[in-house]
Amino acid sequence: MGVEFGAVLKEWRQVRRVSQLDLGVSAGVSSRHISFLETGRSRPSRGMVLRLCDELDVPIAQRNRMLTAAGMSPAYAKRDLSEADMAPMRTAMEWTLRKHEPYPALAMDRHWCLVAMNAVAERLLAAFDVNVGDSLIDMMFDVKGVEQSLVNYEEVVRHMIARLRVESSYYGHDPVLEDGIARMEAKLGAAILDVDGVKPAIIPAIYEFGGMQLSFFSTISQFGSTEDIALSELRIEMMFPVDDATRQALEAMAGP
């Protein structure tokens with residue numbers, strides 16, 4: 001088991017591009033001890049496994065993998081939002097989505113699959129027949145009308161690729177996110193390099209519906225201090241109007 005843990009530790013150390021010496025210094029042990037852990041000559045305590053996970057910023061789900069590789073029981077659970085003890089967090093998520101109206105907001109998991117939406121987001125995404133459970137990554141390829149309706153499609157896809165790379169790297173090169181990156185890069189082809197000038201303050205998503213353009217930028221919120229796998233991976237994306245025309249259209253959509 002020690003060798004198995006050592007392989008996982010080395011994998012995450014390399015993902016984070018941290019040397020044995022740097023990891024040892026930050027964790028308060030010698031580089032020799034890190035080397036012994038990686039080769040299986042030493043076995044870690046539970047506290048040391050979690051300490052190393054902290055220093056390497058290992059995602060919660062992967063911390064369970066580190067513990068089990070060391071022959072220990074998992075420390076983190078993945079609860080469904082419908083479970084009773086998740087009620088306060090579910091209420092907070094629903095409150096946030098609802099209070100963001102008349103602007104669209106949605107919650108999604110680590111693979112960009114929709115977990116929940118407010119009423120405004122539901123109305124907008126209904127135009128593409130996208131619902132809770134669907135993937136926003138797949139939407140960029142598989143949903144008819146998205147490419148035609150998204151005025152700056154290539155610009156948005158380039159921005160999504162950048163986001164996916166950061167998120168995939170954090171999760172240790174997540175295969176679902178890596179697949180999304182590959183598909184987007186193939187979709188853009190040579191256009192992926194078609195960039196020039198100074199970057200704007202934000203990259204808006206500009207949609208056209210029936211001759212009317214709606215322009216959005218977004219912010220992302222996450223639960224803090226969570227020890228649950230699902231909650232740690234849940235993100236709430238809140239979209240705001242870029243211009244007065246979009247704001248007025250959304251306010252009219254919401255009604256009195």
- Using the test ring pair (Phe, Tyr, Trp, His ring centres under 6.0 Å), find all partners of Phe217 that sit at least two apart in sequence or belong to another chain.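 Once residues adjacent in sequence are excluded, the partners of Phe217 under the ring pair (Phe, Tyr, Trp, His ring centres under 6.0 Å) criterion are Phe240.
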- With sequence neighbours left out, write down each residue that passes ring pair (Phe, Tyr, Trp, His ring centres under 6.0 Å) with Tyr103, or none if nothing qualifies.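 Checked Tyr103 against ring pair (Phe, Tyr, Trp, His ring centres under 6.0 Å); matches are His100.
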Looking only at heavy atoms, what is the nearest atom pair of [X] and [Y], with distance?
| X | Y | result |
| --- | --- | --- |
| Ser232 | Thr226 | CA-CG2, 3.5 Å |
| Ala77 | Asp228 | O-OD1, 3.0 Å |
| Val49 | Pro44 | CG2-CG, 3.6 Å |
| Cys53 | Arg63 | O-NH2, 3.4 Å |
| Thr96 | Ala92 | OG1-O, 2.8 Å |

Distance, nearest 0.5 Å, that separates [atom1] of [X] from [atom2] of [Y]:
| X | Y | atom1 | atom2 | answer |
| --- | --- | --- | --- | --- |
| Leu23 | Lys10 | CG | NZ | 13.5 Å |
| Leu214 | Leu250 | CG | CG | 6.0 Å |
| Glu11 | His173 | CD | NE2 | 9.0 Å |
| Asn152 | Glu208 | CG | CD | 11.5 Å |
| Leu188 | Arg183 | CG | CZ | 13.0 Å |
| Met48 | Leu37 | CE | CG | 7.0 Å |

Show which residues join [X] in its hydrophobic cluster (side-chain heavy-atom contacts under 4.5 Å, direct or indirect), or state none.
| X | answer |
| --- | --- |
| Leu21 | Val25 |
| Ile206 | Val151 |
| Trp95 | none |

- Query: How far apart are the C-alpha atoms of Val156 and Tyr153, what are their side-chain angles, what is the distance that settles it, and do they pass the side-chain contact (heavy atoms from CB on, under 4.5 Å) test?
  - Reply: CA-CA 5 Å; Val156 170; Tyr153 180 83; 6.0 Å; no
Common cluster, [X]/[Y], ILVMFWY with side-chain heavy-atom separation under 4.5 Å:
| X | Y | answer |
| --- | --- | --- |
| Ile220 | Met140 | no |
| Leu150 | Ile203 | no |
| Leu56 | Phe36 | no |
| Val176 | Val115 | no |
| Phe141 | Met160 | yes |

If we ignore hydrogens and angles and just use 3.5 Å, is the side chain of [X] paired with the main-chain N or O of [Y] as donor and acceptor?
| X | Y | answer |
| --- | --- | --- |
| Glu101 | Ala119 | yes |
| Ser169 | Val166 | no |
| Tyr171 | Val58 | no |
| Asp243 | Ser215 | no |
| Arg79 | Ile229 | no |
| Asn64 | Pro74 | no |
| Arg247 | Pro241 | no |
| Thr39 | Ser35 | yes |

Taking only residues two or more places apart in sequence, or in another chain, which ones meet [X] in a side chain to side chain donor-acceptor pair (under 3.5 Å)?
| X | value |
| --- | --- |
| Glu178 | Ser168 |
| Asp109 | none |
| Asp179 | none |
| Ser19 | Asp22 |

Is the shortest side-chain heavy-atom distance between [X] and [Y] below 4.5 Å?
| X | Y | value |
| --- | --- | --- |
| Phe216 | Pro204 | no |
| Leu136 | Met108 | yes |
| Leu234 | Met89 | no |
| Met238 | Ser218 | no |

- Item | Gln62 vs Trp12, side-chain contact (heavy atoms from CB on, under 4.5 Å): CA-CA, chis, key distance, verdict | CA-CA 10 Å; Gln62 292 297 318; Trp12 275 100; 3.4 Å; yes
- salt bridge (charged side-chain N to carboxylate O under 4.0 Å, His left out) against Asp80, all qualifying residues, sequence neighbours excluded: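 Once residues adjacent in sequence are excluded, Asp80 has no partner under the salt bridge (charged side-chain N to carboxylate O under 4.0 Å, His left out) criterion.
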SB check [X] [Y] (cutoff 4.0 Å):
| X | Y | answer |
| --- | --- | --- |
| Arg13 | Glu38 | yes |
| Arg98 | Glu94 | no |
| Glu147 | Lys187 | yes |

- Task: Start with the C-alpha distance between Gln222 and Glu233, add both sets of side-chain angles, then the distance that settles side-chain hydrogen bond (donor to acceptor under 3.5 Å, both in side chains), and finish with yes or no.
- Result: CA-CA 8 Å; Gln222 292 179 277; Glu233 298 175 349; over 6 Å; no
- Query: So Tyr170 and Arg16, side-chain contact (heavy atoms from CB on, under 4.5 Å) or not? Walk me through it.
  - Reply: CA-CA 8 Å; Tyr170 172 71; Arg16 296 295 185 243; 3.6 Å; yes
Output side-chain donor-acceptor pairs under 3.5 Å for residues 120-135, partner residues at least two apart or in another chain, one line each.
from: Asp134; atom 1: OD2; to: Asn131; atom 2: N; distance (Å): 2.7
from: Ser135; atom 1: OG; to: Ile137; atom 2: N; distance (Å): 3.1
from: Ser135; atom 1: OG; to: Asp138; atom 2: N; distance (Å): 3.1

- Could you note down all residue pairs passing salt bridge (charged side-chain N to carboxylate O under 4.0 Å, His left out) where residues 162-175 supplies at least one of them, sequence neighbours left out?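 Sorted pair list: Arg110-Asp174, Arg163-Glu167, Arg163-Glu237, Arg165-Glu185, Glu167-Arg235.
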